[in-house]
Amino acid sequence: MNSIKVRKYQNTNFSGNFQVVSLDLLLSDQEMYEKLHRHDFYFLLIIQSGSGIHKIDFTNYSIDDCSIFLLRPGQVHELSLNKNGRGFLITFNKNFYTPGKTLKENTFRTLFQTNFYKLEIESFNKIYHFLKMILIENSNTHIGYRESIEAYLDLFFIQLYRFRNDSIDIKRDNSFESDIIETYLDLLEKDICSHKKVSYYSKKLNVSPYQLNSITKKMLGKTSAELISEQIILESKRNLLATNHQIKEVAFYMGFSDVSYFIRFFKKYTRLTPKEFRAFN
């Protein structure tokens, strides 16, 4: 099995940590196809008009007008864009853009927990203006262009967050509970290979296991343990496809000392053994 390509930014200067590309040029006379791969940087695909398929962490999304895709470092995806699409592709790493203030940080973190956004055309056009300005700043490189790009990214994410609340049915009436959920999901992403008990995460969040479970059930309709199981399966899938390692090596990487138990656990939630999952993907 071939491993998934991991695309990385090189440790170079500023221009190597940020890129904005107009899809108008890339798709003017040809289709674009990117095989399954993963990044160590943030990836934004903004479609003004176009069509295709975007597979992110084993979920298929149809590409349509006024759609936005956000990927976190480590996620795997496969992209197929048809000809004559319009929009922007933006990539950057943490060395270039890291929201510093609490409001911006929470907004950024919350947005990237969802991979796909579909906006009304009026809302989309308000956001699209910021992207045009980013392209101009990046092309002209006048004094302060980096600071200008960062400012336009701030505006883009803040505006998208506002529209998100209108387009996604998620309960956000309690800021404390919202913060707990977002932090919990972040911790699961980072620590799932080494920690699989609710008690570990509740301690990190300074709440009891009972409180954490109540919050996840209220906000997401799932128990805290169910979210742990989902993250184990997701990270297992990523590693099964991202490496040529034997099943036992993947199991050990995921924190399972018993390979047979890992196989049973994986099949319980996917109806496939790890070997079968690889074969079908």
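Positions are given from 1, in the same order as the sequence printed here.
Between L23 and R86 there is no side-chain heavy-atom pair separated by less than 4.5 Å. Residues M133 and F130 fail the side-chain proximity criterion, which asks for heavy atoms closer than 4.5 Å. Looking at heavy atoms from C-beta onward, F43 lies out of side-chain contact with I90 at the 4.5 angstrom threshold. For the pair L111 and Y117, the minimum side-chain heavy-atom distance is below 4.5 Å. Side-chain contact check for S236 versus I232: some heavy-atom pair is nearer than 4.5 Å. You'll find the side chain of I68 reaches within 4.5 Å of the side chain of L70, heavy atoms only. No side-chain heavy atom of R38 sits under 4.5 Å from any side-chain heavy atom of Q75. The side-chain heavy atoms of L187 and L205, taken from C-beta on, include a pair separated by under 4.5 Å.
Between R109 and E105 no salt bridge is recorded (no basic side-chain N to carboxylate O distance below 4.0 Å). Taking the charged nitrogens against the carboxylate oxygens, K83 and D29 have no contact shorter than 4.0 Å, which rules out a salt bridge. We find that E230 and K222 are joined by a salt bridge, their nearest charged nitrogen and carboxylate oxygen being less than 4.0 Å apart. Between E235 and K196, none of the side-chain N atoms (NZ, or NE/NH1/NH2) sits under 4.0 Å from a carboxylate O, so this pair counts as no salt bridge. Note on E78 versus K35: no salt bridge recorded, every NZ/NE/NH1/NH2 to OD/OE distance being 4.0 Å or above.
Checked by atom type and distance alone, the side chain of Y145 never pairs as donor or acceptor with a backbone atom of S139 at under 3.5 Å. Put simply, the side chain of T114 never gets that close to the backbone of F116: no donor and acceptor are under 3.5 Å apart. Although no hydrogens or angles enter the test, the distance criterion places no donor-acceptor pair under 3.5 Å between the side chain of S67 and the main chain of I63. Remark: the backbone N or O of D179 is not paired with any side-chain donor or acceptor of E182 at under 3.5 angstrom. Side-chain atoms of S28 come within 3.5 Å of backbone atoms of L25 as a donor-acceptor pair (strictly under, hydrogens ignored). Although no hydrogens or angles enter the test, the distance criterion places a donor-acceptor pair under 3.5 Å between the side chain of D65 and the main chain of G50. In this structure, Y184 contributes its side chain and S224 its backbone to a donor-acceptor pair below 3.5 Å. A donor-acceptor contact shorter than 3.5 Å links the side chain of N125 to the backbone of I121. Listed for the E226 side chain is a donor-acceptor partner under 3.5 Å among the backbone atoms of T223. The main-chain N or O of I228 is never found under 3.5 Å from a side-chain atom of Q231 such that the two would form a donor-acceptor pair.
No hydrogens or angles considered: a donor-acceptor pair under 3.5 Å links the side chains of N82 and S51. Remark: the D191 side chain and the Y201 side chain contain no N/O donor-acceptor pair separated by less than 3.5 Å. D186 and Q113 share a side-chain donor-acceptor pair at under 3.5 Å.
Between F96 and Y42, the distance separating the two ring centers is not shorter than 6.0 angstrom. Taking the centre of each ring, Y269 and F265 come in below the 6.0 Å mark. Close placement of the F69 and H54 rings is indicated, their centers lying within 6.0 Å of each other. You'll find the ring centres of F156 and Y152 outside the 6.0 Å limit.
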Exercise for review: With side chain to side chain contact (heavy atoms under 4.5 Å, CB included) as the test, would you mind laying out the steps for F124 and I47 before giving the verdict?
Suggested key: CA-CA 10 Å; F124 182 87; I47 304 294; 5.8 Å; no
Practice item. Might you work through the side chain to side chain contact (heavy atoms under 4.5 Å, CB included) test for L44 and I46, ending with a clear yes or no? Key: CA-CA 6 Å; L44 284 66; I46 301 94; 3.8 Å; yes
Check your understanding: Run the ring pair (Phe, Tyr, Trp, His ring centres under 6.0 Å) check on F41 and F92 step by step: do they pass?
Key -> CA-CA 6 Å; F41 49 85; F92 58 86; 9.0 Å; no
Exercise for review: Output, in order, the C-alpha distance, side-chain angles, deciding distance and verdict of ring pair (Phe, Tyr, Trp, His ring centres under 6.0 Å) for F112 and F108.
Suggested key: CA-CA 6 Å; F112 275 89; F108 183 79; 4.7 Å; yes
Check your understanding: Checking side chain to side chain contact (heavy atoms under 4.5 Å, CB included) for the pair N60/I53: CA distance, chi angles, key distance, verdict?
Key -> CA-CA 7 Å; N60 285 326; I53 297 293; 4.2 Å; yes
Practice item. Given side-chain hydrogen bond (donor to acceptor under 3.5 Å, both in side chains), test Q48 with D24 step by step and report yes or no. Key: CA-CA 10 Å; Q48 182 185 39; D24 305 43; over 6 Å; no
Check your understanding: When you look at V20 and L89, which way does the side chain to side chain contact (heavy atoms under 4.5 Å, CB included) test go after all the steps?
Key -> CA-CA 6 Å; V20 53; L89 174 60; over 6 Å; no
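No continuous path of hydrophobic side-chain contacts links L220 to Y210 [ILVMFWY only; heavy atoms under 4.5 Å]. Follow the hydrophobic side-chain contacts under 4.5 Å out from Y261 and you reach V250 in the same cluster. Residues V76 and L241 share a hydrophobic cluster, clusters being chains of Ile/Leu/Val/Met/Phe/Trp/Tyr side chains in contact below 4.5 Å. Put simply, V259 and I233 are part of the same group of oily side chains (I, L, V, M, F, W, Y) that touch within less than 4.5 Å, one to the next. Note on L240: it clusters hydrophobically with Y253, by side-chain heavy-atom contacts below 4.5 Å among ILVMFWY residues.
Here L212 contributes atom CG and I180 contributes atom CD1; the two are 7.5 Å apart, rounded to the nearest 0.5 Å. Rounding to the nearest 0.5 Å gives a distance of 4.0 Å between CG of L79 and CG of L81. Atom-to-atom distance recorded for I247:CD1 and S260:OG is 12.0 Å, nearest 0.5 angstrom. A distance of 9.5 Å separates OG in S49 from CG in L27, rounded to the nearest 0.5 Å. To the nearest 0.5 Å, atom NZ of residue K126 and atom CG of residue L155 are 13.5 Å apart. From L227, atom CG reaches atom CD1 of I181 across 7.0 Å, with rounding to the nearest 0.5 Å.
Y97 meets the side chain to side chain donor-acceptor pair (under 3.5 Å) test with D154; sequence neighbours excluded.
Using the six-membered ring where Trp is involved, H39 and H77 have ring planes that are perpendicular, over 60° apart on the 30 and 60° scheme.
Contact record, S123 with F163: O-CE1, 3.3 Å, taken as the closest heavy-atom pair. Of all heavy-atom pairs between F88 and S22, the closest is CD2-CA, 4.1 Å.
The number of heavy-atom neighbours closer than 6.0 Å to NZ of K55, taken from other residues, nucleotides and ligands shown, is above 12.
Exactly one residue among T91, N93, N95 makes a side-chain hydrogen bond (donor to acceptor under 3.5 Å, both in side chains) with N17. That residue is N93.
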